[in-house]
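Worksheet: the structure to be examined is printed underneath.
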Protein chains: 2
Amino acid sequence: MGVFSRTCEYAMRAVFFIAHRTPEGTRVGIKDISEGIDSPAHFLAKILQDLSRRGIIHSAKGPNGGFYMTEEDLSRPLSDVVEAIDGVQIFKGCALGLKQCSEKNPCPLHHEFKAIRNDLTKLLNGTSIKSFNEDLLNGMTSLKK
Amino acid sequence: MGVFSRTCEYAMRAVFFIAHRTPEGTRVGIKDISEGIDSPAHFLAKILQDLSRRGIIHSAKGPNGGFYMTEEDLSRPLSDVVEAIDGVQIFKGCALGLKQCSEKNPCPLHHEFKAIRNDLTKLLNGTSIKSFNEDLLNGMTSLKK
DNA sequence: ACAATTAAAGAGTTTTATATCTTTAATAAA
DNA sequence: TTTATTAAAGATATAAAACTCTTTAATTGT
């Protein structure tokens, strides 16, 4: 596995996909999303239910229903998605999994690893979903599987 | 979970522990190691068998047997341990898990994430186990659970 | 009111990671 | 050559992650 769990990868891709596909109040269904990001539909449904419950995305049932994101949703940092799915360990945890690891009692990787973790935090915490989406809309980046 | 799997965390801690405890041709047993790094003994045994098979550490059976590391082992980069256990995804994989992600077809995180991955690679690939061990021996860092 | 559409919820199954227990093989020392 | 000691190997067991299927609830349009 990479840095994030597969579930988290799906979640991020789905969020970008939804942002990209629902510019003005429109909605996009689970089938479209799961096909668009190449993920198992039912599994993704669970993930999006979770994100929806947490208010990270929104949904509506019934005809013309589906998932969408409000302006507020779009202005959140991507770290909210990661934290919702994978938790905070990735931003705070010791590389070696040591509970006692700290500035005062650093593990052999502590200082250098902290710098890397901080960069990751800065990237995910400091950039809104909207701004990632702008790169998508401008064709500068892609979600092609 | 953090950046590395739990198995990989145990592996790294064990490698540091072995390096620290076997300065001159001595060996250290699985019981000592598992207690020293706070990991399940039998599970760690499997992990060390794996590392041993791959030549990342060495072992000897029988009385006064145990695990140890040669000078060559000590001069390897820590990335060898990580790669043996968690694979290369963490050094090479797309943050979103996209197979097609590349310089030409970058995902929304691609460029910034690449920089972070490269820093991680530089840290783990560019530093020998021996040099991490020196910090341990000097008391500059610690493996305290 | 009814039928169609959609997400939510519930209840699984399968796969992978983590962990345990037992038996075997190798080595060393007596 | 026997006994003690140690890792290796094999066989499960348990827990968590990933995935699937079915039923329910909400909403819309007729």
Side-chain angles (χ1 to χ4, degrees), chain A residues 1-14 17-18 21-22 25-35 37-69 82 84-87 89-90 97, chain B residues 1-14 17-18 21-22 25-35 37-69 82 84-87 89-90 97:
Chain A
M1 193 44 53
V3 169
F4 307 108
S5 70
R6 183 173 307 192
T7 303
C8 189
E9 290 175 354
Y10 290 155
M12 291 188 286
R13 272 146 64 183
F17 188 88
I18 296 167
R21 276 294 186 83
T22 60
T26 55
R27 294 150 184 182
V28 58
I30 188 70
K31 192 116 182 294
D32 281 353
I33 305 172
S34 67
E35 279 167 9
I37 70 166
D38 193 32
S39 76
H42 292 289
F43 186 47
L44 184 63
K46 292 293 180 197
I47 299 169
L48 296 187
Q49 279 164 35
D50 189 11
L51 293 180
S52 179
R53 251 183 259 116
R54 292 167 188 268
I56 290 172
I57 61 176
H58 283 81
S59 70
K61 288 181 180 178
N64 306 315
F67 297 89
Y68 62 99
M69 298 178 74
V82 173
I85 306 292
D86 279 352
Q89 275 298 96
I90 196 153
Chain B
M1 195 43 56
V3 168
F4 307 107
S5 70
R6 182 172 307 192
T7 303
C8 189
E9 291 174 353
Y10 291 156
M12 291 188 286
R13 273 147 63 184
F17 188 88
I18 295 167
R21 277 293 187 85
T22 61
T26 54
R27 294 152 182 179
V28 57
I30 187 69
K31 192 116 183 293
D32 281 353
I33 306 172
S34 67
E35 280 167 9
I37 70 167
D38 194 32
S39 76
H42 292 289
F43 186 48
L44 183 63
K46 293 292 181 199
I47 299 170
L48 295 188
Q49 278 165 35
D50 190 11
L51 293 181
S52 179
R53 252 183 259 116
R54 293 167 186 269
I56 291 173
I57 61 177
H58 283 81
S59 69
K61 290 183 181 178
N64 305 313
F67 297 90
Y68 62 100
M69 299 179 73
V82 172
I85 306 292
D86 279 353
Q89 276 296 98
I90 197 153

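Within every chain, numbering begins at 1; the chains are lettered A, B, ... in the order of the sequence lines, protein sequences first and strands thereafter. Hydrogens, waters and symmetry mates are skipped; everything else that's a heavy atom, side chains included, is used.
Across every non-hydrogen atom of A:Ser34 and A:Pro40, the tightest pair is CB-C, 4.4 Å. When all heavy atoms of B:Met69 and B:Ile18 are compared, the closest pair comes out as CG-CG2, 3.8 Å. Nearest heavy atom pair, residue A:Asp86 against residue A:Ser5, reads OD1-OG, 2.6 Å. In terms of heavy atoms, B:Glu9 sits closest to B:Met1 at OE2-SD, 4.2 Å. What you find for A:Ala41 and A:Ile30 is that their closest heavy atoms are O-CG1, 3.7 Å.
Atom C1' of nucleotide D:dT20 and atom CD1 of A:Ile47 are separated by 13 Å, given to the nearest angstrom.
A salt bridge links B:Arg54 with B:Asp50; the closest basic N to acidic carboxylate O contact falls under 4.0 Å.
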Worked verdict on B:Thr7 versus B:Phe43 for side-chain contact (heavy atoms from CB on, under 4.5 Å): CA-CA 9 Å; B:Thr7 303; B:Phe43 186 48; 3.4 Å; yes
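Inter-residue side-chain proximity for B:Tyr68 and B:Ile57 is flagged as unmet; no heavy-atom pair is nearer than 4.5 Å.
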What pairs of nitrogen or oxygen atoms, one from the protein and one from nucleotides 4-8 of chain D, lie under 3.5 Å apart?
unit_1, atom_1, unit_2, atom_2, d
D:dT6, O4', B:Gly62, O, 3.3
D:dT6, O2, B:Gly62, N, 3.3
D:dA7, OP1, B:Ile30, N, 3.0
D:dA7, O3', B:Ser59, OG, 3.2
D:dA8, OP1, B:Ser59, OG, 2.8

Distances for protein N/O vs nucleotides 11-20 of chain C N/O pairs under 3.5 angstrom?
unit_1, atom_1, unit_2, atom_2, d
C:dT18, OP1, B:Arg6, N, 3.2
C:dT18, OP2, B:Thr7, OG1, 2.4
C:dA19, OP1, B:Arg6, NH1, 3.0
C:dA19, OP2, B:Tyr10, OH, 3.2

